[in-house]
Amino acid sequence: MKLRQSSLLAMLMAASVTTYAGTVTVITSFPKELTQAYKSAFEKANPDIKLEILNKNTVSGIAYVRETAEGRRPEVFWASAPDAFEVLGAAGLLEKAADVANPAVPDKIGSFPINDPGGLFYGQALAGYGIMYNTRLLKAKKLTPPTTWDDLLKPEWFGNVGMTSPSRSGTQHLTVETILQGEGWDKGWNTIIRMAGNSKTLTDRSFGVPDGVNNGQFGAGPVIDFFGLSSKFSKFPVEFVYPDETAIVPANIALIKAAKNTEEGKKFIRFALSEEGQALLLKPEISRLPVLPYAKMSNIPEGYPDPQVLAEKSKVHFDTELSQQRYFVVQSLFDQTITFRHKELQNATKAILDAQSKLADKPSDKGQALLDEAKKLAWSPLISDKEAVSDAVQKIFQGDKKDASVSQALSKLQGQWNSEAEANYRKATELAKQAASS
């Protein structure tokens, strides 16, 4: 009798516990609309697996994986920035998972490989970078809809642009790198600095820019395409345009090395690459470009961008190795000269634009010379592209930050950039005001 009661009790206890094959933790920068759709669909298809979403911006996500001990790491890394996966791969933090690939996915988008040739990560969606703008605000302020990066540099756009920092957003980092690679280092930084000078503010996260455009806080801003497209297809008063200097690159997914539930992690990656997982990208609130060809999918929304066509038109052939090599240099240079000196940059930009307007009405050789010097001081990068990838700079940014000598060298270099930027903006403001009064 006691044996029978004991067996019955054991059965009841077993039945009261939900049994999971394992929990899959996904670290991602993607918004809730996307992650919740995948969580619901995946758990429905795999009721014995729980999906846990750990939302962090891409830069913080990389740091989290690096700092988490083996056996405790998340199973999956999922983000838009391909260079972030190069960084993780180079650090030995990704694991090959050849059995998750979908053979229907093409090898390339344009000339760019969709999947990592080494098998460490896979393209799960495609992403382009461009300009999102608020149609109502543009009409009210009589602003011409932008179609190129240069349009956002015009005087009438002063105070009407929203941006964020590449150190706060992987997608913004890709936008910055796309401009640098499309226009070249010097001209690219000129474009980025001037756009930031026209910006009303620098937001804390990448979604702060599309949110600001949606609600009319900004007239326009550089964003990854799914921010603009999802707002447009969700009936916000916005439009999105791809400039010629854009890049169509994969938003990747990868298995993190030494995670707890590797096999369950593979199941999620396999699901995300399946036809069912790809179809979720077409939901209006998500609006991402699938890696599966449209011929292999149904219900493509009318007017939906075709990534293959966009890739053929793009002037930028994105170099992930170059981007990965100068990844932290570009972020630091942006922060020290733009993020932390935004007010001074705004002042210099305003003074330059005012002087430019006055000299257009009353030309002056002396004034023009002063203005040209002001522009050069305010809108030029502090280092060259060769210096950015030089052994000396790379040693500082790629070195072990726990090493006191490396940490001190980094702090000294960043402080030097910050001080030089401040001095340049102050001097540029003075010169521009002199030019205006000449």
Can you name the nearest heavy-atom pair linking [X] to [Y], along with the distance?
X	Y	value
Leu255	Ala97	CD2-CB, 4.1 Å
Phe30	Ser80	CE2-OG, 3.1 Å
Ile269	Ala254	CD1-C, 3.7 Å
Ser165	Phe334	CA-CE2, 3.8 Å
Leu333	Thr337	O-OG1, 2.5 Å
Ala432	Ala355	O-CB, 3.3 Å

Within this structure, what is the [atom1]-[atom2] distance for the pair [X] and [Y], rounded to the nearest 0.5 Å?
X	Y	atom1	atom2	value
Ser323	Phe318	OG	CZ	4.0 Å
Ile352	Leu370	CD1	CG	12.0 Å
Ile338	Phe340	CD1	CZ	11.5 Å
Thr147	Ile131	OG1	CD1	7.0 Å
Asn198	Ile193	CG	CD1	13.0 Å
Thr429	Gln346	OG1	CD	11.0 Å

Is there a donor in the side chain of [X] and an acceptor in the side chain of [Y], or the other way round, less than 3.5 Å apart?
X	Y	result
Gln36	Ser40	yes
Ser405	Asp403	yes
Thr191	Glu183	yes
Asp335	Ser167	yes
Asn160	Lys141	yes
Asn418	Gln414	no
Tyr38	Gln124	yes
Lys375	Gln356	yes
Arg194	Asn190	yes

Please determine whether a side-chain nitrogen of the Lys or Arg among [X] and [Y] lies less than 4.0 Å from a carboxylate oxygen of the Asp or Glu.
X	Y	answer
Lys154	Glu156	no
Arg426	Glu422	yes
Lys433	Glu430	no
Lys350	Asp354	yes
Lys427	Glu373	no

Donor-acceptor pair, [X] side chain versus [Y] backbone, under 3.5 Å?
X	Y	answer
Ser199	Thr201	no
Asn134	Leu137	yes
Ser332	Phe328	no
Ser380	Leu377	no
Thr164	Thr203	yes
Trp379	Lys187	no
Asn115	Gly123	yes
Arg270	Val100	no
Thr246	Tyr129	yes
Glu70	Ala259	no

4.5 Å side-chain heavy-atom contact, [X] and [Y]:
X	Y	answer
Val209	Met132	no
Phe240	Tyr133	no
Lys260	Arg72	no

Show, in sequence, the C-alpha distance, side-chain angles and deciding distance for Asp151 and Thr144, and conclude whether the side-chain contact (heavy atoms from CB on, under 4.5 Å) test is met. CA-CA 9 Å; Asp151 286 338; Thr144 302; over 6 Å; no
List the atom pairs, with distances to 0.1 Å, where a side-chain N or O of residues 304-311 and a protein N or O form a donor-acceptor pair under 3.5 Å, not counting sequence neighbours.
{"residue": "Tyr304", "atom": "OH", "partner": "Arg288", "partner atom": "N", "Å": "3.0"}
{"residue": "Tyr304", "atom": "OH", "partner": "Arg288", "partner atom": "O", "Å": "2.6"}
{"residue": "Asp306", "atom": "OD1", "partner": "Gln308", "partner atom": "N", "Å": "3.0"}

Carefully, step by step, assess Leu51 and Thr25 under the rule side-chain contact (heavy atoms from CB on, under 4.5 Å). CA-CA 6 Å; Leu51 194 70; Thr25 301; over 6 Å; no
Determine, step by step, whether His173 and Tyr327 satisfy the ring-ring contact (aromatic ring centres under 6.0 Å, His included) criterion, reporting the C-alpha distance in whole Å, the side-chain angles of both residues, the deciding distance to 0.1 Å, and the verdict. CA-CA 8 Å; His173 185 97; Tyr327 189 80; 4.3 Å; yes
For side-chain contact (heavy atoms from CB on, under 4.5 Å), just list the numbers for Tyr64 and Leu54, CA-CA rounded to whole Å, side-chain angles, deciding distance to a tenth of an Å, and then say yes or no. CA-CA 10 Å; Tyr64 184 87; Leu54 189 58; 3.6 Å; yes
Determine whether Tyr122 and Leu273 satisfy the following criterion, side-chain contact (heavy atoms from CB on, under 4.5 Å), listing intermediate values before the conclusion. CA-CA 9 Å; Tyr122 294 86; Leu273 298 176; 4.1 Å; yes
Return a table of donor-acceptor pairs under 3.5 angstrom between the side chains of residues 215-232 and protein atoms on other chains or two or more places apart.
{"residue": "Asn215", "atom": "OD1", "partner": "Gln217", "partner atom": "N", "Å": "2.9"}
{"residue": "Asn215", "atom": "ND2", "partner": "Asp211", "partner atom": "O", "Å": "3.1"}
{"residue": "Asp225", "atom": "OD2", "partner": "Gly128", "partner atom": "N", "Å": "2.8"}
{"residue": "Asp225", "atom": "OD2", "partner": "Tyr242", "partner atom": "OH", "Å": "2.8"}
{"residue": "Ser230", "atom": "OG", "partner": "Phe226", "partner atom": "O", "Å": "2.6"}
{"residue": "Ser230", "atom": "OG", "partner": "Phe227", "partner atom": "O", "Å": "3.2"}
{"residue": "Ser231", "atom": "OG", "partner": "Asn214", "partner atom": "OD1", "Å": "3.1"}
{"residue": "Ser231", "atom": "OG", "partner": "Asn214", "partner atom": "ND2", "Å": "3.1"}
{"residue": "Ser231", "atom": "OG", "partner": "Phe227", "partner atom": "O", "Å": "3.2"}
{"residue": "Lys232", "atom": "NZ", "partner": "Glu239", "partner atom": "OE1", "Å": "3.2"}

Ring centers of Phe271, Phe42 separated by less than 6.0 Å: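 Ring-ring flag for Phe271/Phe42: true, centres closer than 6.0 Å.
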Can you name the salt bridge (charged side-chain N to carboxylate O under 4.0 Å, His left out) partners of Lys412, sequence neighbours left out?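 Checked Lys412 against salt bridge (charged side-chain N to carboxylate O under 4.0 Å, His left out); zero matches.
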